[in-house]
A.B. asks: 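Questions regarding the structure given below will be posed in turn.
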Amino acid sequence: MRQFDAPLEAEEKIQSEFEAEIAEWIKQSDKDYEANKIVTGKVVEIRGEEVVIDIGYKSEGLIRLDEWRDEGVDGANYPKVGDTVEVLLETVEDENGTISLSYRKAKRQKEWNEVLAKHKEGDVVAGKVLKKIKGGLLVNIGVNVFLPASQVDIRRPPDIGLYIDQTIECTILKIDELRRNIVVSRRKLIEDRRTVQREKLMSELQEGQVRKGVVKNIAEFGAFVDLGGIDGLLHITDMGWHRVTNPHDVVKIEQELEVFILHIDKERQKIALSLKHKTPSPWQDIEAKYPENSKHQGEVVNIMPYGAFVKLEPGIEGLVHISEMSWTKRISHPNEVLSTGDKVEVQVLKINHDKKEISLGMKQCQQNPWDEVAKKYPNGMQVTGTVRNLTNYGAFIEIEEGIDGLLHVSDMSYVRKVSNPSEVVQKGQKVTCIVLSVDQERKRVALGLKQMGKDPWEGDIPERFKPGQKVKGKITKLTNFGVFVELEPGLEGLLHISELSENKIESPEEVVKVGDDVDVKVLRVDTKDRKIGLSMKNVDDPTVPDELPDELMGGDNKPSGSSGKPEGKKDLRGGTGAAGPLFQLPGQGDEE
C-alpha cells in the first residue's frame with residue numbers, strides 16, 4: 001500500500017482489518033479439537049448427497065444428507081447453506097487429512113445428555129413404543145430405551161406387539177452411562193402404584209361392606225375380583241345360596257359387579273368376597289318352612305356313592321342317604337334308582353341348622369312292606385325262597401323282593417350237627433322252609449328247615465335204639481374225652497374214652513382212628529339233650545358192664561348204698577354225662 005502511495009487513512013483501516021482477521025484465525029487455531037465432542041459448524045455448501053460443514057478447523061468435514069432424515073419420519077428437514085448446526089467430531093484427521101463429522105450422533109448425544117440431566121433410576125418416564133425387538137420392546141422417551149417382555153405387564157401378555165404405537169409409562173430400572181443403555185419396566189410401575197392403592201384401599205375396607213369390582217381371572221374354585229388395586233377371592237361356594245358347579249355360569253372376565261366383603265386378612269392382605277351374602281340366607285326359619293316328617297317335591301341335583309342331594313328350593317338341598325331310598329331294594333349305588341334332574345317326593349327326617357344339613361328320605365313316602373309281613377307270613381306257614389347269602393351262623397333266604405328270612409344253623413337239622421350252612425344249602429338254591437317267627441320292629445323273619453319234618457327224637461330214635469342194643473357205626477371225630485360215632489346219616493353217638501377199652505387208655509388214638517368201622521353197644525338215649533351214649537366194652541354181652549366210670553355214675557364214685565338205693569344196685573348213665581339213669585342193674589335178692 002505504501003508502494004502505491006495509498007492514503008494514510010486507508011492504510012490504517014486495511015491494517016486494522018487484517019490484524020482482526022489474524023487474531024480471529026489465531027483464536028480458531030487455539031481451539032481444542034478432540035474426538036467424540038460436539039462442535040458448532042456452518043453449512044458452507046451442499047454437494048449432491050453430502051453437506052460441507054466448516055467447524056473452523058483447517059479443513060472442512062462432510063456429512064451425508066441421510067443423517068437429517070429422522071427415524072420413523074418419511075420426510076426430512078434438510079439443512080441450507082449458511083445454517084449453523086451442531087455436529088459430533090468423530091475423528092480430527094483421518095488418513096486423508098480430513099475430519100469426520102456426524103449430525104445424527106451429535107443429536108443422539110444431546111438427547112442422551114438431556115435425559116441424564118432430567119432422570120435417574122427409579123424415575124417414571126413416558127414414551128412411545130416404536131417396535132418389537134428381540135426380547136422386548138423399543139420405547140422412545142427422548143432416547144430409545146429397552147422394555148423387556150417380562151416387564152411389560154404383571155401377567156405377560158400373549159403378544160407384546162399389541163403395544164406398538166402406544167404411549168406408555170414405565171419406571172427406569174437401570175441406566176448404563178458407559179454403554180448409553182437404559183432399561184425400563186412397566187410392570188414395576190404398575191406394581192408400585194398398586195401397592196400404594198392397596199395400602200389405601202386396605203385402610204378403607206371393612207367387613208360387611210359392599211364394594212364395586214371387576215372380574216380379572218376365573219379359576220375352578222372361584223373368581224378373582226379387582227377392587228381397585230387389590231384382588232379379592234370370590235369362592236365358588238359364595239357365588240350363590242344355590243349349588244354352583246362352574247364359576248363361568250355366574251361371572252365373566254371384565255364383568256363389573258358389586259361384592260360383599262366377607263373377611264379381611266390384613267397381615268396376608270387377602271380378602272374373601274361373596275355374592276350370596278348380599279341377600280338373606282334361605283336357611284332362615286328353615287324349621288318353619290320344612291318341619292320334620294313333612295313331605296315335599298324336590299329335584300335330584302347331585303349323586304354320590306353314599307346318596308343323592310335333592311334341591312328343595314334354590315340354596316336348600318338335602319341328602320337322601322342310600323339306606324333311605326327303598327324299604328326292600330338292595331341298592332348298591334344311587335344311580336340304580338335315580339338320575340340327575342329326576343323329580344322325587346321326599347320326607348324331612350332331620351334338620352341340622354348349624355351345619356346347614358337336611359336329612360331326607362324317599363322310602364318314607366312309600367308303603368312299608370314290613371307293615372304287612374306279619375299278616376302275610378304267619379308262624380307255621382311254608383314259604384319257598386332263594387338262598388341269597390351265607391354266613392357262619394346261617395343262610396339268608398329271600399322269600400320276596402326285599403324280604404329276607406334267616407335260616408339258622410340250629411334250625412337246619414334235628415340230628416345233624418351243622419358247623420357251616422354250606423353243608424346243607426348253597427347260594428342260589430331254592431329252599432322250602434317253615435316260618436318260625438316275624439319280628440316286625442327289627443325287620444327279621446326266622447325260618448326253619450328241620451321243622452318241615454317230624455322230630456325223630458320224639459319217637460323214631462328212642463324206638464330204634466335201645467340201651468344194651470348192639471349197633472354198627474363209623475368213627476367221625478376224635479376228642480380228648482372220646483370219639484363220635486356215626487350210627488346212620490345225620491345221627492351220631494358219643495363213645496366216651498372210658499368205654500373204648502377194658503384197659504385204661506390216655507388217648508382215643510390208641511384204640512381207633514377216624515374212618516374206622518366199629519361195633520358199639522347203646523348205653524343210653526337222652527331225648528331231652530338229643531344224645532346217645534355208646535360203649536365198645538362187652539359189646540357182645542347184652543348185660544350191663546361190671547364197672548362204670550365215675551363220670552358215667554353222675555360225678556362221684558360213691559360206695560354201695562350211699563345213694564339211698566338198695567345195695568348191689570347201680571345206676572347206668574349215658575355216655576354223654578350225668579343226665580339221669582336209663583336202667584338199673586339187679587341187686588342181691590332181686591328177681592331177674
Side-chain angles (χ1 to χ4, degrees), residues 413-417 456-563 565-588 590-592:
S413 176
Y414 281 116
V415 297
R416 182 176 178 182
K417 184 179 180 181
W457 287 95
E458 294 181 357
D460 180 56
I461 291 177
E463 291 176 1
R464 292 191 295 112
F465 296 93
K466 303 293 185 180
Q469 178 182 350
K470 179 182 177 181
V471 294
K472 291 184 178 293
K474 178 178 288 188
I475 305 297
T476 57
K477 185 178 181 182
L478 304 181
T479 68
N480 59 350
F481 57 84
V483 300
F484 287 93
V485 180
E486 185 181 48
L487 303 178
E488 61 182 40
L491 180 62
E492 292 181 342
L494 175 61
L495 179 56
H496 196 271
I497 189 172
S498 62
E499 296 297 327
L500 281 171
S501 174
E502 297 288 347
N503 301 320
K504 184 177 181 179
I505 61 174
E506 298 295 332
S507 174
E509 286 87 347
E510 299 177 15
V511 181
V512 294
K513 62 180 181 295
V514 175
D516 285 354
D517 293 322
V518 294
D519 290 330
V520 293
K521 181 167 61 176
V522 177
L523 292 183
R524 61 174 289 192
V525 178
D526 187 346
T527 57
K528 182 180 179 181
D529 292 337
R530 302 173 185 270
K531 296 177 181 178
I532 298 178
L534 305 173
S535 175
M536 285 179 59
K537 296 193 300 185
N538 302 318
V539 174
D540 295 326
D541 188 353
T543 62
V544 180
D546 295 334
E547 297 180 359
L548 295 176
D550 292 345
E551 58 270 24
L552 300 183
M553 291 292 293
D556 294 325
N557 194 5
K558 298 179 181 178
S560 176
S562 64
S563 64
K565 293 183 176 61
E567 291 187 10
K569 288 194 174 184
K570 299 179 180 179
D571 291 338
L572 180 62
R573 300 182 181 274
T576 57
L582 295 179
F583 54 86
Q584 293 179 329
L585 295 178
Q588 288 183 348
D590 290 343
E591 294 182 359
E592 294 183 2

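Everything numeric in this text was worked out from a predicted model, so none of it was measured. Just the heavy atoms: all of them, side chains too, but no hydrogens, waters or symmetry mates, feed the values below.
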A.B. asks: List the atom of Lys513, the atom of Ile475, and the distance in Å for their closest heavy-atom pair.
C.D. replies: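 It is O-CB, 3.5 Å.
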A.B. asks: Please give me the minimum heavy-atom distance between Pro508 and Gly482, naming the atom from each residue.
C.D. replies: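 Pro508 and Gly482 have their closest heavy atoms at CG-O, 3.9 Å.
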A.B. asks: As an exercise, state the distance from CD1 of Ile497 to CG of Asn480, rounded to the nearest 0.5 Å.
C.D. replies: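 Going from the CD1 atom of Ile497 to the CG atom of Asn480 covers 7.5 Å.
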A.B. asks: Quick one: NZ on Lys474 to NZ on Lys472, what's the gap to the nearest 0.5 Å?
C.D. replies: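 Between Lys474 NZ and Lys472 NZ, I get 12.5 Å after rounding to 0.5 Å.
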A.B. asks: Working to the nearest 0.5 angstrom, can you tell me the gap between Leu491 CG and Arg464 CZ?
C.D. replies: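 Leu491 atom CG to Arg464 atom CZ measures 7.0 Å (nearest 0.5 Å).
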A.B. asks: Which residue, Val485, Val520, Val483, forms the side chain to side chain contact (heavy atoms under 4.5 Å, CB included) with Met536?
C.D. replies: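 Filter result, single survivor: Val520.
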A.B. asks: Look only at the side chain of Ser507 and the backbone of Glu510, and say whether a donor-acceptor pair between them is shorter than 3.5 Å.
C.D. replies: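 The answer is no, because no donor-acceptor pair under 3.5 Å joins these two groups.
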A.B. asks: Identify the heavy atoms of Thr476 and Glu486 that sit nearest to each other, and give their distance.
C.D. replies: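 Closest approach of Thr476 to Glu486, heavy atoms only: CG2-CB, 3.6 Å.
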A.B. asks: Any chance you could measure Leu534, atom CG, to Lys521, atom NZ, to the nearest 0.5 Å?
C.D. replies: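 These two atoms lie 11.0 Å from each other.
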A.B. asks: With rounding to the nearest 0.5 Å, note down the distance linking NE2 in His496 to NZ in Lys537.
C.D. replies: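 Rounded to the nearest 0.5 Å, the NE2-NZ separation comes out at 10.5 Å.
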A.B. asks: Let me confirm one number: the CG-CD1 distance from Leu494 to Ile532, rounded to the nearest 0.5 Å.
C.D. replies: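 Answer for the CG-CD1 pair, Leu494 versus Ile532, is 10.5 Å.
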